[in-house]
Asker: 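One structure coming up, written as structure tokens, with questions to follow.
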Amino acid sequence: MNYPAQVRLVEVGPRDGLQNEKQPLPAAVKIELVQRLQAAGLREIEVTSYVSPKWVPQMADNHQVMAGIERRTGVRYSVLTPNLKGFEAALADRPDEIVVFGAASEAFSQKNINCSIAESMERFAPVVQAALAAGIAVRGAMSCTVGCPYEGEIPPERVEMLAGLMKAIGVQRVDVADTIGVGTPLKVQRAIEATCKHYEIDRVSGHFHDTYGQALSNTLAALQMGVWNFQSSVAGLGGCPYAKGATGNVATEDLVYLLHGMGIATGIDLDALVDAGTFISDALGRPTGSRVARALLARRG
Ligand SMILES: CC(C)(COP(=O)([O-])OP(=O)([O-])OC[C@H]1O[C@@H](n2cnc3c(N)ncnc32)[C@H](O)[C@@H]1OP(=O)([O-])[O-])[C@@H](O)C(=O)NCCC(=O)NCCSC(=O)C[C@@](C)(O)CC(=O)[O-]
């Protein structure tokens, strides 16, 4: 079996990880988290989102966080923008990449962004156009590509349809997201295969939540197909406010341990990453969700 020699990780902890936190977290803590993540070697960081503060209060400090981080050359800072209002707000903060986020499930689209899949494309199209015209890269997150909390199992044809819609409006690369972490390797492979009807494998990333403990198996299944872009969340933070019961993304520490163990380079210093995870877990007052971090911390004594 051939595996890629290196993998690129998008750290989504500051956005996907923290968006669901009930307790207010100071912007200074989020800024410090981003600093620590980039110091650990992360080269793509999803920092925040420009969504309604009534819907997702935890991301209301988007300007403050983006203004507070110390930009490093070679690091790509991305943000979520669901509509032109969000994009215009984000523009002032000079993101390197914006993310439009759609779903393969009608019900999830309604719950998450208050519109149908078709309407979401009408909202995204001018955002994509404006971003590309401003020289900003565009990624498309595709939620519920395996299962939906409201509709149950999602067939690959729906993923193919969504990927086609994303491609048609000019989205440059897409995330195959298992939003509620119900996927198992063959189902995830089918969702990726469906996506590849419209995108080359180099433009497809795996975004796996770990609710059922399958995220690393799903990562391996994606690697076997040639996927080399993945998203993860330090300390396994997170969950989606519109996917009840879903836990966080696969922990970045666990993913890095898997990849390094397979001889796949990430450019990430695992010890520094564990420190970043400890920092945010302490700030939240709970233990890390990463099994690798727990093992390494126990070894440190
Ligand atoms: C998308 C909207 C805004 C539509 O919400 P809406 O109510 O349909 O929008 P609207 O245009 O009718 O506006 C209603 C109000 O929202 C305001 N508004 C409108 N747009 C914005 C904006 N961009 N930023 C700030 N405010 C905004 C607007 O100004 C107005 O304010 P009011 O007059 O009532 O005071 C809303 O549904 C929303 O914010 N949803 C939150 C979506 C979200 O952040 N979900 C979590 C992220 S997705 C995710 O986690 C999945 C992912 C990506 O990780 C992958 C995976 O795992 O699946």
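Starting from 1, each residue takes its place in the sequence as its number. Just so you know, ligand 1 is whichever comes first in the structure, and atom 1 is the first atom listed for that ligand. This structure is a prediction, so every number in the text was calculated from the model and none was measured. Just so you know, these numbers use all the heavy atoms, side chains as well, and skip hydrogens, waters and symmetry mates.
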Asker: Backbone, side chain, both or neither: what part of Asp16 comes under 4.0 angstrom of ligand 1, heavy atoms only?
Answerer: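 Looking at Asp16 and ligand 1, just side chain atoms fall under 4.0 Å.
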Asker: Taking non-hydrogen atoms only, is Pro82 closer than 4.0 angstrom to ligand 1 via side chain, backbone, both or neither?
Answerer: side chain
Asker: So which pairs with a foot in residues 190-213 pass salt bridge (charged side-chain N to carboxylate O under 4.0 Å, His left out), sequence neighbours left out?
Answerer: Glu160-Lys197
Asker: Which part of Asn83 is near ligand 1, with near meaning a heavy atom under 4.0 Å away: side chain, backbone, both or neither?
Answerer: side chain
Asker: Any atoms of ligand 1 less than 4.0 Å from a non-hydrogen atom of Tyr50? List them with their elements.
Answerer: 22 (C), 23 (N), 24 (N)
Asker: Can you tell me how far the SG atom of Cys115 sits from the CE atom of Met121, to the nearest 0.5 Å?
Answerer: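 It is 9.0 Å, given to the nearest 0.5 Å.
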Asker: Which ligand 1 atoms are under 4.0 Å away from a heavy-atom of Gly86?
Answerer: 23 (N)
Asker: Give the atom numbers and elements of ligand 1 that come within less than 4.0 Å of a heavy atom of Ala177.
Answerer: 55 (C), 56 (C), 57 (O), 58 (O)
Asker: Give the atom numbers and elements of ligand 1 that come within less than 4.0 Å of a heavy atom of Lys54.
Answerer: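 In order of number, 32 (P), 34 (O), 35 (O).
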Asker: Please state which option from Gln19, Met142, Lys111, Lys85 has its nearest heavy atom closest to atom 19 (C) of ligand 1.
Answerer: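 Looking at heavy atoms only, the winner is Lys85.
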Asker: Backbone or side chain, does any N or O of Ser49 fall under 3.5 Å from an N or O of ligand 1?
Answerer: no
Asker: Below a 4.0 angstrom heavy-atom separation, can you tell me which part of Met59, side chain or backbone, both or neither, approaches ligand 1?
Answerer: neither
Asker: Quick one: sort the Phe101 and Phe124 rings into parallel, tilted or perpendicular, breaks at 30° and 60°.
Answerer: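 If you compare the ring of Phe101 with that of Phe124, the planes turn out tilted.
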Asker: What are the atoms of ligand 1, with element, lying closer than 4.0 Å to any heavy atom of His209?
Answerer: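 Here the atoms of ligand 1 in question are 57 (O).
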Asker: Is any side-chain heavy atom of Val99 less than 4.5 Å from a side-chain heavy atom of Thr81?
Answerer: no
Asker: Among Leu84, Val51, Thr179, Asn112, which one puts a heavy atom closest to atom 40 (N) of ligand 1?
Answerer: Asn112
Asker: Ser232 and Asn249: side-chain donor and acceptor closer than 3.5 Å?
Answerer: no
Asker: Show which atoms of ligand 1 fall inside a sub-4.0 Å distance from at least one heavy-atom site of Arg15.
Answerer: 47 (C), 49 (C), 50 (O), 52 (C), 53 (C), 54 (O)
Asker: Does at least one non-hydrogen atom of Arg123 fall below 4.0 angstrom from an atom of ligand 1?
Answerer: yes
Asker: Within the structure, does Ala141 bring an N/O atom to less than 3.5 angstrom of an N/O atom in ligand 1?
Answerer: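 Among all N and O atoms of Ala141, none is under 3.5 Å from an N or O of ligand 1.
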Asker: With a 4.5 Å cut-off on side-chain heavy atoms, are Phe230 and Val250 touching?
Answerer: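 SC-SC contact between Val250 and Phe230 ruled out.
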Asker: May I ask you to decide whether Arg173 forms a salt bridge with Glu97, counting only side-chain N to carboxylate O separations under 4.0 Å?
Answerer: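 Yes, this pair counts.
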Asker: Between Tyr77 and Glu44, does the side-chain hydrogen bond (donor to acceptor under 3.5 Å, both in side chains) criterion hold? Intermediate values first, please.
Answerer: CA-CA 6 Å; Tyr77 303 92; Glu44 290 205 36; over 6 Å; no
Asker: Less than 4.0 Å between a side-chain N and a carboxylate O, is that true for Arg158 and Glu106?
Answerer: no
Asker: Charged N to carboxylate O below 4.0 Å: is that the case for Glu32 and Arg36?
Answerer: yes
Asker: Between Val56 and ligand 1, which residue portion shows a heavy-atom distance shorter than 4.0 Å: side chain, backbone, both, or neither?
Answerer: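 Just the side chain.
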